[in-house]
Asker: 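Mind having a look at this structure? Questions to follow.
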Amino acid sequence: MLKKRGFDYISLNALLLLAALFPFTHASTTSIHERRTQLETYASFQDPMKQIVVQPRAVFEFTNQPSSLPSLFPSTTTYPTKTPSSMPSSSPSSQPTLNPSKLPSSLPSISNQPSLFPSISTRPSNVPSTSMIPSLSPSSSSEPSNVPSTQFIHAIVPPKPSYYFSYNPRDINHGPGKARLKNYTFSEVISSGPWTIVQNKTIHYTEYEGNAWTSVKNSLERDYWSTFPLNRTLDNRCGSDPVRKQSPIDLCPSQVNYKCYEHHQIRNRGGDYNLTDEQVTMKILPSKLRIEYSRENAILNETKLRPPNGDFPHNWNGYIQATHIDIKIPSEHTICGKRYDGEYQIYFYHPLRRQPIVQSILIEVHPQNRSHLHFQKAIDEWQRLSDSRYLHCLNDTMSDDSLTEQDEEEDIEEERQWTHHIASRRLNESNFTDGNISTIAPSMGPLSHSPSTTPTNSKIASTSPTPVVALSNSPSFTNKPTSATKKSTARAKIRWNPFEPRIVNSIYFYGYTGSLTEPPCSEWIHWRVLDTPMQISSEQLTQLKEILFQQLDEDCQPSSYNWQESVARPIQSLNGRPLWQCTSSDYLSDEEKRSTDLT
């Protein structure tokens, strides 16, 4: 008689053996096979705690074939099975199988190693993989997964062109580097009568570690200056060692170490060009806004239209042409550590010296937020160029054959609203005159860049503050119409004087010899930075930022090089160069001189 709690596999086997040896001792005529089945069934009900169906000994022997049913508990073996199970396991295995499962597991794999074979399931997994290592073979599932994978995938970023550079100091491949103060000691020979004294001097300078600007080749600025007969090198000079003469620098009376030799103010003449003339080209460049003047009358022939020009004192010998004007945001030069909202840089070129000189004016927001209406004329032209690019991108989107009818209707509505906005803004701008100094309404800014009107179509790139730049091989940043469209694009002449009194509102300045402020950083630029800034409204500054930082190139891709809304090169060290400041104690204004002569 079997006991309820004492029954085990050994007693079962013993009973089976006795039944096999003494088949005639049993009163029952039941066969051994039937008797064994009865005993197994009885035993399964006599052990309700375990609820395990007792199998014959042959079932417990090792086999090379997988079980037809899934195991109730995960396998604890440290080696994978040779053949996959035909049913998924209710718990994940801690080791990979040598062959893939035919059905997906209901739980994700927790293995820290990739699968040796791809999944051959025809259905996607409902649970994302949590492995931090990608699979060695791709999945062959014919359907996409409903849950995204948590594995981080590096996007393929196209290589930057050779002329690209960045203002991000953390960009080790294209940035200007991180500032670090250093000391430089050198020997200086001083002759005093019959005596020669050698003394050591130490200067402090700023080195930019990881400065990738030194490797920039064929930059846009280098291409531009290569069109001038400079007779000077255009090699990259963007290093920061103590013998460099780089720009920009901090300007402060406490750093002045040289005498002002200028004997009169910088004399400016506005020239004959209008902003809408073919001799003037408005440009939105990746690192600045530019007004570029034709050099067809560089000798300032009075019988022809003349470009803006200026007369610089101290051996510059007469008037020379202004070649272009750049707007940088924020200012590149600082005054006693203060960085201004922007900088208005007027470049001149001397044909005999074959050398440029820059008259630079800092920009700040007016304390009463008054607008600079003459300067607004130039802002409007840059805005017009920005608008035309945006409409070009909309037109390209609308002409896409892959768009649905709903997409086309949305694009048409966007273009209609955008065209209406441009027309209304032009109408508002025509109501202002130079004699009325009033605040421009915020609605005059580029509505296209406000959150409510920014296009949502995926064909037009997003213009985030820190974009991934993708420029074409031959970028064009000009607004010049083709010959076929010149007549249709003819507009009223816009009179423009780059030296308008509220732009150039001081005749005194800091002077030094430095460099271009972006690659190739050539060290043959003479700088004259006025000591008093021009003032604009906060709305005008915002409009300039949106035009410069949210620009699109011809491929409708973000093309600004800015970093955190800045295209200003970090401050460079003076490195013992002469720095002088011209004040009212050095010369009188031309108007004061004329008044003195009359009296």
Side-chain angles (χ1 to χ4, degrees), residues 165 167 219-221 223-224 248 273-276 279-293 308 322-333 340-347 358-365 371-390 425 429 440 444-446 448-449 463 465 467 469 471 475-480 494 496-500 503-504 516-518 533-554 558-569:
F165 61 93
Y167 288 91
S219 65
L220 298 177
E221 199 68 6
D223 292 344
Y224 172 75
Y273 295 161
N274 300 302
L275 280 180
T276 51
Q279 294 89 351
V280 181
T281 305
M282 307 296 293
K283 292 186 175 183
I284 302 177
L285 300 175
S287 59
K288 55 194 165 239
L289 303 176
R290 173 170 287 183
I291 304 175
E292 191 172 311
Y293 296 104
T323 58
H324 65 276
I325 300 171
D326 287 343
I327 303 295
K328 304 284 281 189
I329 298 176
S331 70
E332 296 196 294
H333 290 89
Y340 288 77
D341 296 312
E343 191 164 342
Y344 179 97
Q345 302 168 347
I346 313 170
Y347 282 77
V358 185
Q359 182 179 5
S360 187
I361 301 105
L362 304 175
I363 302 174
E364 69 176 1
V365 172
S371 296
H372 197 304
L373 297 178
H374 189 76
F375 185 52
Q376 183 66 36
K377 295 179 180 180
I379 298 177
D380 291 342
E381 291 305 299
W382 282 312
Q383 185 67 62
R384 193 182 300 273
L385 175 57
S386 177
D387 294 346
S388 66
R389 290 187 186 176
Y390 181 80
R425 188 180 63 225
E429 290 164 2
I440 297 178
M444 291 185 64
S448 64
H449 305 307
T463 53
V469 180
L471 295 177
S476 176
F477 304 93
T478 178
N479 69 339
K480 283 301 180 186
I494 300 177
W496 165 254
N497 178 11
F499 311 112
E500 197 266 344
I503 295 178
V504 181
L516 297 172
T517 59
E518 58 186 64
M534 63 178 285
Q535 296 177 330
I536 63 175
S537 68
S538 60
E539 289 81 14
Q540 288 178 308
L541 178 62
T542 299
Q543 188 175 2
L544 287 170
K545 288 182 177 180
E546 290 176 337
I547 295 171
L548 178 58
F549 300 147
Q550 300 184 14
Q551 59 177 283
L552 301 177
D553 63 10
E554 292 183 336
S559 54
S560 175
Y561 289 177
N562 83 91
W563 179 72
Q564 296 183 348
E565 294 193 342
S566 173
V567 286
R569 188 187 188 190

Asker: Please round to the nearest 0.5 Å and tell me the distance separating atom CE of M534 and atom NE2 of H372.
Answerer: 4.5 Å
Asker: Measure the shortest side-chain to side-chain distance between M282 and R384 over non-hydrogen atoms and say whether it is less than 4.5 angstrom.
Answerer: no
Asker: Counting C-beta onward and ignoring hydrogens, is there a side-chain heavy-atom pair between I361 and I346 closer than 4.5 Å?
Answerer: yes
Asker: Is the gap between the ring centers of Y561 and F165 under 6.0 Å?
Answerer: yes
Asker: Given Q345, which partner from the list K328, Q359, E332, H333 fulfils the side-chain hydrogen bond (donor to acceptor under 3.5 Å, both in side chains) test?
Answerer: E332
Asker: Are the charged groups of R290 and E221 less than 4.0 angstrom apart, N to O?
Answerer: yes
Asker: So, E500 side chain and N497 main chain: donor-acceptor pair closer than 3.5 Å or not?
Answerer: no
Asker: If you round to the nearest 0.5 Å, how far is OH of Y340 from CD of Q535?
Answerer: 10.0 Å
Asker: Does the side chain of K288 come within less than 4.5 Å of I327's, by heavy atoms?
Answerer: no
Asker: Within the structure provided, determine whether E381 and V280 are in side-chain contact (heavy-atom separation under 4.5 Å).
Answerer: no
Asker: Does any non-hydrogen side-chain atom of K283 lie less than 4.5 Å from one of T281?
Answerer: yes
Asker: Can you check whether L285 reaches Y224 side chain to side chain, under 4.5 Å on heavy atoms?
Answerer: no
Asker: If you apply the rule side chain to side chain donor-acceptor pair (under 3.5 Å), what do you find for S371 with E539, and how did you get there?
Answerer: CA-CA 8 Å; S371 296; E539 289 81 14; 5.1 Å; no
Asker: Can you tell me how far apart CG (L385) and CD1 (I284) are? Round to the nearest 0.5 Å.
Answerer: 4.0 Å
Asker: Nearest 0.5 Å please: distance from the CG atom of L544 over to the CD atom of Q376.
Answerer: 8.0 Å
Asker: Quick one: pull up OG in S386 and CD1 in I379 and give me the separation to the nearest 0.5 Å.
Answerer: 12.5 Å
Asker: Using the ring of each side chain (for Trp, its six-membered ring), is F375 parallel, tilted or perpendicular to Y344, with breaks at 30° and 60°?
Answerer: perpendicular
Asker: Return the orientation label for the H324 and Y347 ring planes: parallel under 30°, perpendicular over 60°, tilted otherwise.
Answerer: parallel
Asker: Between L220 and P286, is there a side-chain heavy-atom distance shorter than 4.5 Å?
Answerer: yes
Asker: Is K545 close to N562 at the side-chain level, that is, under 4.5 Å between some pair of heavy atoms?
Answerer: no
Asker: For W496 and H374, which heavy atoms make the closest approach, and how far apart are they?
Answerer: CZ3-O, 3.3 Å
Asker: Please report the shortest heavy-atom distance between P558 and L552, naming the atom on each side.
Answerer: N-CD2, 4.0 Å
Asker: Return the OG to CG distance between S566 and L548, rounded to the nearest 0.5 Å.
Answerer: 10.0 Å
